[in-house]
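Just the heavy atoms: all of them, side chains too, but no hydrogens, waters or symmetry mates, feed the values below. The structure displayed is predicted, hence computed values, not measured ones.
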Amino acid sequence: VQLQASGGGLVQTGDSLRLSCVVSARTNLNYAMAWFRQAPGGEREFVVTLSSRGSITYANSVKGRFTISRDNAKNTLYLQMNNLKSEDTAVYYCAATRGDGIYYRTDSYLYWGQGTQVTVSS
């Protein structure tokens, strides 16, 4: 399974961005998908996960501002980010793993995209 993330960029506080993650294989069955992010000097942190059963869990820091979705026909995962803040600045990674659970840890995910940079200026 290969993942390729795109859609990052430089925006201002309050702006919106939509990230995309194209997956090389059908992952709508028995795969959990997620977005993580890593700020400069920081550890990779959980943003949101979409389980194979359709359950969605967001980190508190993005709840109400970010929305995860999936287009199975296009094998693409999305992250709609609204009302962006400077603290959202990070490299964003999409990830996938087999299983029907809800996974928050980076070591739970086997497959990773290359990351896309999101920079929010104030």
Side-chain angles (χ1 to χ4, degrees):
V1 178
Q2 295 182 331
L3 298 83
Q4 184 164 358
S6 63
L10 173 63
V11 297
Q12 294 185 334
T13 301
D15 284 351
S16 297
L17 274 178
R18 189 178 77 160
L19 306 183
S20 299
C21 176
V22 178
V23 188
S24 64
R26 288 190 66 185
T27 56
N28 52 305
L29 298 176
N30 294 327
Y31 276 84
M33 306 290 296
W35 289 94
F36 287 78
R37 66 186 182 185
Q38 187 166 13
E43 296 186 351
R44 196 167 297 188
E45 66 174 12
F46 166 78
V47 176
V48 58
T49 183
L50 171 60
S51 77
S52 63
R53 298 184 179 186
S55 296
I56 297 174
T57 305
Y58 293 94
N60 288 335
S61 59
V62 306
K63 198 174 296 183
R65 300 187 298 120
F66 290 13
T67 303
I68 191 172
S69 62
R70 178 169 56 194
D71 186 333
N72 292 331
K74 296 182 178 180
N75 288 342
T76 301
L77 182 74
Y78 299 101
L79 182 64
Q80 177 67 43
M81 306 185 295
N82 298 330
N83 190 22
L84 283 161
K85 304 176 180 180
S86 57
E87 52 263 43
D88 296 319
T89 295
V91 177
Y92 284 72
Y93 298 89
C94 54
T97 197
R98 294 185 68 100
D100 57 6
I102 300 174
Y103 310 105
Y104 309 102
R105 297 170 54 93
T106 55
D107 58 6
S108 297
Y109 289 85
L110 293 177
Y111 308 103
W112 291 86
Q114 82 286 6
T116 184
Q117 176 71 49
V118 173
T119 303
V120 185
S121 65
S122 57

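- Going from atom CE of Met33 over to atom OG1 of Thr49 covers 9.0 Å, rounded to the nearest 0.5 Å.
- No continuous path of ILVMFWY side-chain contacts below 4.5 Å connects Tyr78 to Leu3, so the two sit in separate hydrophobic clusters.
- Linking ILVMFWY side-chain heavy atoms closer than 4.5 Å, directly or via other members, places Ile56 and Tyr109 in two distinct hydrophobic clusters.
- Using a 3.5 Å distance cut-off with no hydrogens or angles, the side chains of Gln4 and Ser6 do not pair a donor with an acceptor.
- Remark: the backbone N or O of Val120 is paired with a side-chain donor or acceptor of Thr89 at under 3.5 angstrom.
- When side chains are defined from C-beta on, Met81 does not count as touching Asp88, because their heavy atoms never get closer than 4.5 Å.
- To the nearest 0.5 Å, atom CG of residue Asp100 and atom CZ of residue Arg53 are 4.0 Å apart.
- The environment of Glu87 atom CD is dense: over 12 non-hydrogen atoms of other residues, nucleotides or ligands sit within 6.0 angstrom.
- Side-chain contact between Phe66 and Leu19 is absent, with no heavy atoms from C-beta onward closer than 4.5 Å.
- Atom OG of Ser20 is separated from atom CG of Leu79 by 9.5 Å, given to the nearest 0.5 angstrom.
- Using a 4.5 Å heavy-atom threshold, the side chains of Val1 and Tyr31 count as touching.
- Of all non-hydrogen atoms in Ile102 and Ser55, the two that sit nearest each other are CD1-CB, 4.0 Å.
- Here the straight-line distance linking atom CD of Glu45 with atom CD of Gln38 works out to 9.5 Å at 0.5 Å rounding.
- Summarising the geometry of Gly99 relative to Ser52, their closest heavy-atom pair is O-OG, 3.3 Å, with the distance given to 0.1 Å.
- Residue Val47 is grouped with residue Tyr111 when hydrophobic side chains (ILVMFWY) are merged at heavy-atom distances under 4.5 angstrom, including chains of intermediate members.
- Ring geometry for Phe36 against Trp112 counts as tilted: the plane angle lies between 30° and 60°, on a 0 to 90° scale.
- Hydrophobic cluster membership is shared by Phe46 and Val91, with clusters built from Ile, Leu, Val, Met, Phe, Trp and Tyr side chains linked at under 4.5 angstrom.
- Looking at Ser51, its side chain never comes within 3.5 Å of a backbone N or O of Gly101 through a donor-acceptor pair.
- Dense packing is recorded around CD of Gln117, with more than 12 heavy atoms of other residues, nucleotides or ligands lying under 6.0 Å away.
- Looking only at side-chain heavy atoms (C-beta outward), Tyr103 and Thr97 come within less than 4.5 Å of each other.
- Residue Ile68 is not grouped with residue Val22 when hydrophobic side chains (ILVMFWY) are merged at heavy-atom distances under 4.5 angstrom, including chains of intermediate members.
- The environment of CD in Gln114 is crowded: more than 12 heavy-atom neighbours from other residues, nucleotides or ligands sit within 6.0 Å.
- For the residue pair Arg37 and Ala90, the shortest heavy atom distance occurs at CB-CB, 3.8 Å.
- The main-chain N or O of Ser121 is found under 3.5 Å from a side-chain atom of Thr13 such that the two form a donor-acceptor pair.
- Taking CG from Leu84 and OG from Ser122, the interatomic distance works out to 12.5 Å, rounded to the nearest 0.5 Å.
- Side-chain contact between Cys94 and Trp35 is present, with heavy atoms from C-beta onward closer than 4.5 Å.
- By the 4.5 Å heavy-atom criterion applied to side chains, Tyr58 and Thr67 are counted as neighbours.
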